[in-house]
Amino acid sequence: MTAISGWGRYPIIDTELIGPRTTEAIVRATEQGDQAVARGNGRAYGDAAVGVRQTITMTHLNRMRAFDHATGQVTVEAGVLLSDLIAAFLPRGFFPYVVPGTSFITVGGAIAADVHGKNHHGEGGFGRYVETLLLALPTGEVVRASRKDHPDLLQATIGGMGLTGSILEATIQLRRVETGWIRQRTMVANNLAAAIAALDGNESVTYSVAWIDCLAKGASLGRSLIFLGEHAASNQLDERQFANRFPLRKPPLSVPIDMPSFALNHWSVAAFNELYFRAGARKAGSSILVPAAPYFFPLDALGNWNRIYGRRGFVQHQCVLPAKNAEAALADMLGRIARRGGSSFLAVLKKLGEASGGLSFPMPGYTLALDFPIGRDLFSFLDELDVLVVKAGGRLYLAKDARQSRATFDAGYADLSGFRDVRRTIDPTGKIKSRLAARLGI
Ligand SMILES: Cc1cc2nc3c(=O)[nH]c(=O)nc-3n(C[C@H](O)[C@H](O)[C@H](O)COP(=O)(O)OP(=O)(O)OC[C@H]3O[C@@H](n4cnc5c(N)ncnc54)[C@H](O)[C@@H]3O)c2cc1C
């Protein structure tokens, strides 16, 4: 048995960790699974990628198989990291359509969580760009699913959190880009209503995200920096930038030890937020060019940054709220967070569009993501936030979840009959079971 966790380092769970080195071995491990689930690079925060008894790691399946320059379609094994995909294809003028806030995730993990980026409002989630996938089922079969063949299986696997089988390989559509630079414009929003208005008013911009200062109160509640972005064209680069048209990521620095829990407190976070807000506000209005990596993955510059939260770990609370109820519910949540003074280092607000398959998280509305170090009274406080989310008709993101109740899950993901039918057909004896699935009764 091995003790593993997700990125939040909570909960830590004993599991039999299986690391098959070949496709055939993964097919066998899935067929012989004893309450098992596939695991990518372990970037889901909670217990989604930990099997009740067995966990099948997919990171040995890391070969890129084929690329068609004319169509921009690439076929890769499921354990390939987005960072490797970008390193291989950005210099050729291609970039994934959807990237989350870290590039250190596998293609299998990106499909299973149907990850969203800063462009979900206009371009949807990762699953939209999956042409076909090869899936190992608990029956021992290997099925190629596409929009034409086995569309139900494709639909259930996108956002299916690993609960339909082990994704072995996928063909995905990449986007053509002229450069690896992003034209970024920063806006200041002095309160929540202004932040929502800025995201709504810039819907035609490809990428948008608001960083919220969670400690601001009163008339400044929800004050934010809004970051807008577009892929830069070649003729928008100066000579020096043009000479480095596809800048590559620098190797990350590391957090060498677990930080003591007092390092992140009300005062240190307040000081950070104030400095960050002022520095951003100074840049507001003008456009700057930034390399894609720091624009999309600022936290990747610091390896193991999850150690900043100390040994006890942390949880992320990420909800989505339907547009019509979002502002009131967000104001209530942010008010409670500001009054509690609980060090939420990261607070990110994004606009989301239509949902896709499986247990896919997005719905048209706004998503707020907050990190909280684990401490006294945290879970009862998060239960309070869940009540507001459910009342507003929203739900929590399973890839970030470590603690929501079944009642919160059932209320948020009410329409799961199609997903459950697929599960019953392909896994009648219950070989696939993650800790998340067991906790939430999926
Ligand atoms: C810093 C940071 C920022 C993030 N930002 C975002 C964001 O902006 N948007 C967003 O949507 N997410 C975001 N995430 C979450 C992350 O993108 C997802 O949790 C993603 O699924 C992690 O991929 P992984 O390869 O690490 O998979 P894991 O964490 O190992 O697994 C995640 C899920 O995928 C399943 N899975 C993995 N591989 C396979 C496979 N081959 N076959 C079947 N199932 C599989 C697992 O069973 C599990 O349910 C962020 C995470 C971090 C740490």
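Counting convention: from 1, in listed order, for ligands and their atoms alike.
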among protein heavy atoms, the one nearest atom 42 (N) of ligand 1 is Ile167 N, 2.8 Å
Which atoms from ligand 1 have a heavy atom of Ala113 less than 4.0 Å away?
-> 21 (O)
shortest atom 31 (O) of ligand 1-to-protein heavy-atom contact is with Ala49 CB, 3.4 Å
If we number the atoms of ligand 1 from 1 as shown, the ones under 4.0 Å from a heavy atom of Val37 are 47 (O)
With under 30° as parallel and over 60° as perpendicular, where do the rings of Tyr129 and Tyr97 fit, or are they tilted in between?
-> parallel
Report yes if Met161 has an N/O atom closer than 3.5 Å to an N/O atom of ligand 1; otherwise report no.
-> yes
Which residue owns the protein heavy atom closest to atom 30 (O) of ligand 1, what's the atom, and how far is it?
-> Gly40 N, 2.7 Å
Just need the protein heavy atom nearest to atom 21 (O) of ligand 1, so name the residue and atom and give the distance.
-> Gly109 O, 2.9 Å
Between Glu123 and Arg128, does at least one N-O distance fall below 4.0 Å, as a salt bridge requires?
-> no
Just by distance, with hydrogens left out, do Asp152 and Gln155 show a side-chain donor and acceptor under 3.5 Å apart?
-> no
Classify the side-chain pair Thr171/Thr75 by whether it contains a donor and acceptor separated by less than 3.5 Å.
-> yes
What atoms in ligand 1 come closer than 4.0 Å to a heavy atom of Ala399?
-> 19 (O)
State plainly whether the residues Arg403 and Asp386 are in salt-bridge range, i.e. N to O under 4.0 Å.
-> yes
Look at atom 9 (N) of ligand 1 and say which protein heavy atom is nearest, naming residue and atom and giving the distance to 0.1 Å.
-> His116 O, 2.8 Å
Under 4.0 Å from a heavy atom of Gly162: give me the atoms of ligand 1 that qualify, with their elements.
-> 43 (C), 44 (N), 47 (O)
Measuring from the heavy atoms of Lys400, does anything fall under 4.0 Å of ligand 1?
-> yes
protein heavy-atom neighbour closest to atom 48 (C) of ligand 1 works out as Ala48 O, 3.6 Å
Sub-3.5 Å N/O-N/O distance, Thr106 and ligand 1 = yes
Atoms of ligand 1, numbered as shown, that sit under 4.0 Å from any heavy atom of Ala44 = 19 (O), 22 (C), 29 (O), 32 (C)
Please check if the side chain of Tyr207 supplies one atom and the backbone of Phe227 the other of a donor-acceptor pair under 3.5 Å.
-> no
Do any N/O atoms on Phe104 end up under 3.5 angstrom from N/O atoms on ligand 1?
-> no
Taking atom 11 (O) of ligand 1 as the reference point, the nearest protein heavy atom with its distance = Tyr397 OH, 2.7 Å
Quick one: does Arg144's side chain have a donor or acceptor within less than 3.5 Å of a partner on Leu134's backbone?
-> no
At what distance is the nearest protein heavy atom to atom 7 (C) of ligand 1, and which residue and atom is it?
-> Pro100 CB, 3.3 Å
Electrostatic pair Lys431:Asp34 at N-O distance under 4.0 angstrom = no
For Ser166, the ligand 1 atoms whose distance to one of its heavy atoms is below 4.0 Å | 42 (N)
Backbone, side chain, both or neither: what part of Gln316 comes under 4.0 angstrom of ligand 1, heavy atoms only?
-> neither
Would Asn41 and Thr106 count as having a side-chain donor-acceptor pair, cut-off 3.5 Å?
-> no
Option whose closest heavy atom lies nearest to atom 34 (O) of ligand 1, chosen from Ala112, Ala38, Ala437, Gly117 | Ala112
Measure from atom 43 (C) of ligand 1 to every heavy atom in Ala110, Gly165, Ala78, Gly101 and give the option owning the shortest one.
-> Gly165
Under 3.5 Å: N/O of Trp7 near N/O of ligand 1 | no
Asn41, any N or O under 3.5 Å of ligand 1 N or O | yes
Work out whether the distance between some heavy atom of Tyr45 and some atom of ligand 1 is less than 4.0 Å.
-> yes
Taking every heavy atom of Val422 against every heavy atom of Ala156, the minimum-distance pair comes out as CG1-CB, 4.0 Å
With heavy atoms only and a cut-off of under 4.0 Å, state how Val115 meets ligand 1: side chain, backbone, both or neither.
-> both
Lys433 with Asp427: basic N within carboxylate O range, under 4.0 Å = no
Sub-3.5 Å donor-acceptor pair from the side chain of Arg423 to the main-chain atoms of Leu163, do we have one?
-> yes
Kindly compute the distance separating CD1 (Ile18) from OG1 (Thr30), expressed to the nearest 0.5 Å.
-> 9.0 Å
Would you check if there is a donor-acceptor pair between the side chains of Asn119 and Thr206 at a distance under 3.5 Å?
-> no
Under the ring-ring contact (aromatic ring centres under 6.0 Å, His included) rule, what do Tyr397 and His116 come out as? Steps first, then yes or no, please.
-> CA-CA 11 Å; Tyr397 189 10; His116 56 271; 5.3 Å; yes
